[in-house]
Amino acid sequence: MLAPNNEAPREHDLGLEYDLGTLRRRKVLSLFAGAGLVALAGCSPDSTPSTASTPSATGSTSTTPSTSTAGVDEIPAETAGPYPGDGSNGPNVLTESGIVRSDITKSFGSASGTATGVPLTVELTILDADKDTPLSGAAVYIWHCDAQGRYSLYSEGATNENYLRGVQATDADGKVKFTTIFPAAYTGRWPHIHFEVYASLSDATAAGKISATSQLAFPENVCNAVYGTDGYDGSAENMRRTSLADDNVFGDDDGVHQLAAVSGDAVNGYTAKLDVGV
């Protein structure tokens, strides 16, 4: 359950196993930094996104990471957190009829709730990181919290809902597209979306072997615009308490491979795009 005021304790969100893995990875990164290699990589157009925002005449914002010239890197492995709904920690929504869908704003089956908030389209392109080619026929399961910071199936007030969860197979270009809402910011975490990649739709809907587990991060300026709208009580304050660099998931590399390219505005909605190498 989320704590009052949409708070989710860091240790509950990540778990001991992930914390130990993160400490090992950060230690390795710090050793490279001492040799000057991290600073050099940070200047590479292949690894460092530009988060500059460009307001349009209508007040919309476009935040575009730089395009890689040497292919996509493998997406960093991250924790699925305590609310995956994949059978590894409590409920399993993946085997239920109705989970394969593009619009995940509504609950399905016997549930009837609808998540409300700033509209968001999430477009993920799944690529073979070794060959830099699209993975057609793979499957992606995404899930995230609602505008109040609640996760369906788990959080108080949303245990009987299964909204903001869905699975899709990738098309010939390796793409999946989901219609959803912008997630809240809760204490201890940077705004994010969880996802798992499977080799096929049949693997995903059988809660089978996972090819990759990671998270998508959002640019700060977009988050601030969303959290200035109605319905996101507490998110603006939670944003002021954290940073991308301090986040326990994205902080080791500032989310360089997980920061989405986002366009749109808080009135008409946003589109978030991310290339995912597996």
Side-chain angles (χ1 to χ4, degrees), residues 63 65 75 78 80-81 83-86 92-109 111 113-127 134-147 149-153 158 161-184 191-205 207 210-219 222-223 226 231-232 255 258-266 268-278:
T63 305
I75 197 78
E78 306 292 5
Y83 313 119
D86 61 1
N92 187 352
V93 75
L94 291 174
T95 58
E96 295 186 14
S97 176
I99 189 62
V100 180
R101 65 221 185 107
S102 59
D103 186 341
I104 64 173
T105 56
K106 298 182 176 69
S107 290
F108 59 90
T114 299
T116 59
V118 172
L120 175 68
T121 298
V122 177
E123 183 179 303
L124 303 179
T125 302
I126 311 302
L127 302 162
L135 287 177
S136 174
V140 181
Y141 167 44
I142 76 168
W143 71 96
H144 61 86
C145 70
D146 62 19
R150 304 174 302 183
Y151 284 87
S152 66
L153 302 176
E161 303 295 347
N162 51 31
Y163 55 55
L164 306 183
R165 300 177 183 274
V167 175
Q168 282 195 80
T170 59
D171 63 16
D173 297 319
K175 296 182 183 296
V176 291
K177 186 182 293 185
F178 293 92
T179 299
T180 185
I181 63 161
F182 206 95
H192 60 282
I193 288 179
H194 295 266
F195 63 89
E196 293 172 345
V197 180
Y198 293 80
S200 67
L201 190 61
S202 60
D203 282 344
T205 54
I210 301 169
S211 300
T213 302
S214 196
Q215 299 180 29
L216 174 153
F218 293 96
V222 174
C223 295
V226 171
Y232 286 89
Q258 295 151 285
L259 190 63
V262 180
S263 60
D265 60 71
N268 299 301
Y270 292 95
T271 296
K273 298 182 179 182
L274 183 68
D275 288 347
V276 178
V278 297

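Note that the structure is predicted; figures quoted are calculated from it, not measured.
- Within the model, atoms OG1 of T213 and CD of E196 stand 4.5 Å from one another, a figure rounded to the nearest 0.5 Å.
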For this session: Please assess H144 against L216 for the test side chain to side chain contact (heavy atoms under 4.5 Å, CB included), listing each intermediate value before the final yes or no.
Result: CA-CA 10 Å; H144 61 86; L216 174 153; over 6 Å; no
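- For Y270 and F218, the ring centers are positioned 6.0 Å apart or more.
- The two residues F182 and L120 make their nearest non-hydrogen contact at N-CB, 3.8 Å.
- Note that CD of Q258 and CZ of F195 are 7.0 Å apart. Values are rounded to the nearest 0.5 Å.
- In this model, a donor atom of one side chain and an acceptor atom of the other lie less than 3.5 Å apart for K175 and T125.
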For this session: Any chance you could lay out the side chain to side chain contact (heavy atoms under 4.5 Å, CB included) test for Y83 and L153, step after step, and finish with the verdict?
Result: CA-CA 8 Å; Y83 313 119; L153 302 176; over 6 Å; no
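- Classified by interplanar angle (parallel below 30°, tilted 30° to 60°, perpendicular above 60°), the ring pair H194/W143 is parallel.
- Counting only heavy atoms from C-beta outward, the side chains of P219 and L259 approach each other to under 4.5 Å.
- Taking OG from S211 and CG from L135, the interatomic distance works out to 8.5 Å, rounded to the nearest 0.5 Å.
- Remark: side-chain polar atoms of Y141 are not paired, donor with acceptor, to backbone N or O of A207 under 3.5 angstrom.
- Annotation: the span from E123 atom CD to T121 atom OG1 amounts to 9.0 Å, rounded to 0.5 Å.
- In plain terms, the two heavy atoms of A212 and V278 that are nearest each other are CB-CG1, 3.6 Å.
- A heavy-atom distance below 4.5 Å is not found between the side chains of L164 and P183.
- Counting heavy atoms from C-beta on, the side chains of I181 and Y163 never come closer than 4.5 Å.
- The closest donor-acceptor contact from the side chain of R101 to the backbone of F178 lies at 3.5 Å or more, if one exists at all.
- Here R150 pairs with D146 in a salt bridge; the nearest charged N to carboxylate O distance falls below 4.0 Å.
- Shortest non-hydrogen contact noted between V167 and A139 is CG1-CB, 4.4 Å.
- Annotation for S214 and I75: closest pair OG-CG1, 3.3 Å, computed over non-hydrogen atoms.
- Using a 4.5 Å cut-off on side-chain heavy atoms (C-beta onward), V176 and I142 make no contact.
- Without hydrogens or angle criteria, R165 side chain to S152 main chain gives a donor-acceptor distance under 3.5 Å.
- Listed for the S107 side chain is no donor-acceptor partner under 3.5 Å among the backbone atoms of E161.
- Here the straight-line distance linking atom CD of E96 with atom OG1 of T205 works out to 12.0 Å at 0.5 Å rounding.
- Listed here is the closest heavy atom pair of T116 and A147: O-CB, 3.6 Å.
- Between the side chain of N162 and the backbone N or O of F108 there is at least one donor-acceptor pair closer than 3.5 Å.
- Looking at S102 and Q168, their side chains come closer than 4.5 Å, going by heavy atoms from C-beta outward.
- Between H192 atom NE2 and Q215 atom CD the span is 5.0 Å, to the nearest 0.5 Å.
- Contact detail for L94 and I99: the closest heavy-atom pair is O-CG2, 3.4 Å.
- L124 pairs with exactly one of V140, I193, D275, T170 by the side chain to side chain contact (heavy atoms under 4.5 Å, CB included) rule, that one being V140.
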